[in-house]
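Heads up, the thing below is written out as structure tokens.
Per chain, numbering begins at 1; letters A, B, ... match sequence-line order. Hydrogens, waters and symmetry mates are skipped; everything else that's a heavy atom, side chains included, is used.
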2 protein chains.
Amino acid sequence: MTRPKEILSPTTPHVEGDDDIGEIRDIVGFHIRLAYGAVYRHFTETFTHLDLTQKQVSVLWLVDLHPDIAQTGLAQLMRMDRATTMAIVNRLQARGYLVRGKSLDDGRKQTLNLTDAGRQMLATAKDAVVEHERWLKSRFTEKEVVSLIEMLTRIHD
Amino acid sequence: MTRPKEILSPTTPHVEGDDDIGEIRDIVGFHIRLAYGAVYRHFTETFTHLDLTQKQVSVLWLVDLHPDIAQTGLAQLMRMDRATTMAIVNRLQARGYLVRGKSLDDGRKQTLNLTDAGRQMLATAKDAVVEHERWLKSRFTEKEVVSLIEMLTRIHD
DNA sequence: GACGATTGTTAGTGCAACATACAAAAAGAG
DNA sequence: CTCTTTTTGTATGTTGCACTAACAATCGTC
């Protein structure tokens, strides 16, 4: 065996570095997935004490921004399907952060709105998001942040 | 900005295009999540006929690149924990793409290697990845791709 | 009024991340 | 060399999320 690679102690800095993942390092999708994973982990870490996920915070945020929004509208903003949206809204409603109401102009739709507890939780969550964002943005200049957001937008728009 | 604005419920009448997501549009994490979602969706769409997920392809790819790698090593490369790695390896082994073997130099470890079917599937998968990447990279210049990968690496490294 | 489309809903499937616990093997300390 | 700690693989269970398929109520249109 030519490669004694069993030396995987936590402090081993992997001298091979870029060769570790070979051709994969040119795959944009791979880097997006890894970056998302890193962001996801730090987010959940930051939000353990609030017991909220990214999706849940985003939903609270968007409902606050769009009072009386219907679930379909919310799903479109978040690029989720109806079933997934249902599950998230159910969870937030069960925890008393969100209320469903009857839509006056369309009997099929329901309105979504934050409760007082929801508004309060959102305020707390926003502070945590700021902290999370500080961690994330710390590796970039302001110019780079703008550029990064612009490129990411090109992907999801 | 030609933004194909979604038709929201009539109860949110005065929202202008770019205000759709308000302050959220300055949150890097939000854009990473949306971009990841878009990439994820296109990936699964591209790979329905192969019935493979991103993770599974990555594992096949990395095992091919690192013959006899142990699950722990794989987990480190992919930034996953052991339990998650187990689940993915189990699936790939059950489908005959991967084999576990005994490690000669460490009784705790097991070696991971591709079967012939695994190698063949990986070859097919790589073609699909190339197609998927073409879709992804089509919105960027080569210079931008390099810049994007570099910035994403700063996040996950 | 009938018909097709939309909306919310339920149920079920699959993947993945995480935590916990356990056994076997290795590494380290005395 | 023992004794202890760490590492590795494994099993189990929970949670969150994405997706599909089906269904009822409602809306818009013809």
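Looking at B/Glu150 and B/Arg154, a side-chain N of the basic residue comes within less than 4.0 Å of a carboxylate O on the acidic one, giving a salt bridge. No salt bridge links A/Arg139 with B/Asp157; every basic N to acidic carboxylate O contact stays at or beyond 4.0 Å.
Here D/dT7 presents its C1' atom at 14 Å from CG of B/Asp105, a figure rounded to the nearest Å. B/Asn90 places its CG atom 10 Å from the C1' atom of D/dG9, with the value rounded to the nearest Å. We find that CE of B/Met78 is positioned 15 Å from P of C/dC15, with the value rounded to whole Å. Put simply, NZ on B/Lys109 is 18 Å from P on D/dT6, counting in whole angstrom units. In this structure, the NZ atom of B/Lys102 is 12 Å from the P atom of C/dA24, given to the nearest Å. In this structure, B/Gln93 places its CD atom 15 Å from C1' of D/dA11, rounding to the nearest Å. One atom, CE of A/Met86, and another, C1' of C/dT7, lie 11 Å apart when rounded to the nearest Å. Whole-Å rounding puts the A/Leu112 CG to C/dT7 C1' distance at 12 Å.
For B/Thr72, whose side chain is taken as the heavy atoms from C-beta onward, the closest listed nucleotide among D/dT8, C/dT9, C/dT7 is D/dT8.
Listed by first then second residue, pairs satisfying ring pair (Phe, Tyr, Trp, His ring centres under 6.0 Å) with a partner in residues 111-132 of chain B read B/His42-B/His132, B/Phe43-B/His132, B/His132-B/Trp135, not counting sequence neighbours.
In this structure, A/Thr44 contributes its side chain and A/Tyr40 its backbone to a donor-acceptor pair below 3.5 Å. A donor-acceptor pair is defined here as one N or O able to donate and one able to accept, closer than 3.5 Å; no such pair exists between the side chain of A/Gln54 and the backbone of B/Arg33. With hydrogens and angles disregarded, a donor-acceptor distance shorter than 3.5 Å links the side chain of B/Thr115 to the backbone of B/Gly96.
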Treat primed atoms plus P, OP1 and OP2 as sugar-phosphate and everything else as base, then score nucleotides 13-26 of chain D 5' to 3': B for base contact with protein heavy atoms under 4.0 Å, S for sugar-phosphate contact only, - for none. ---SSBBB-----B
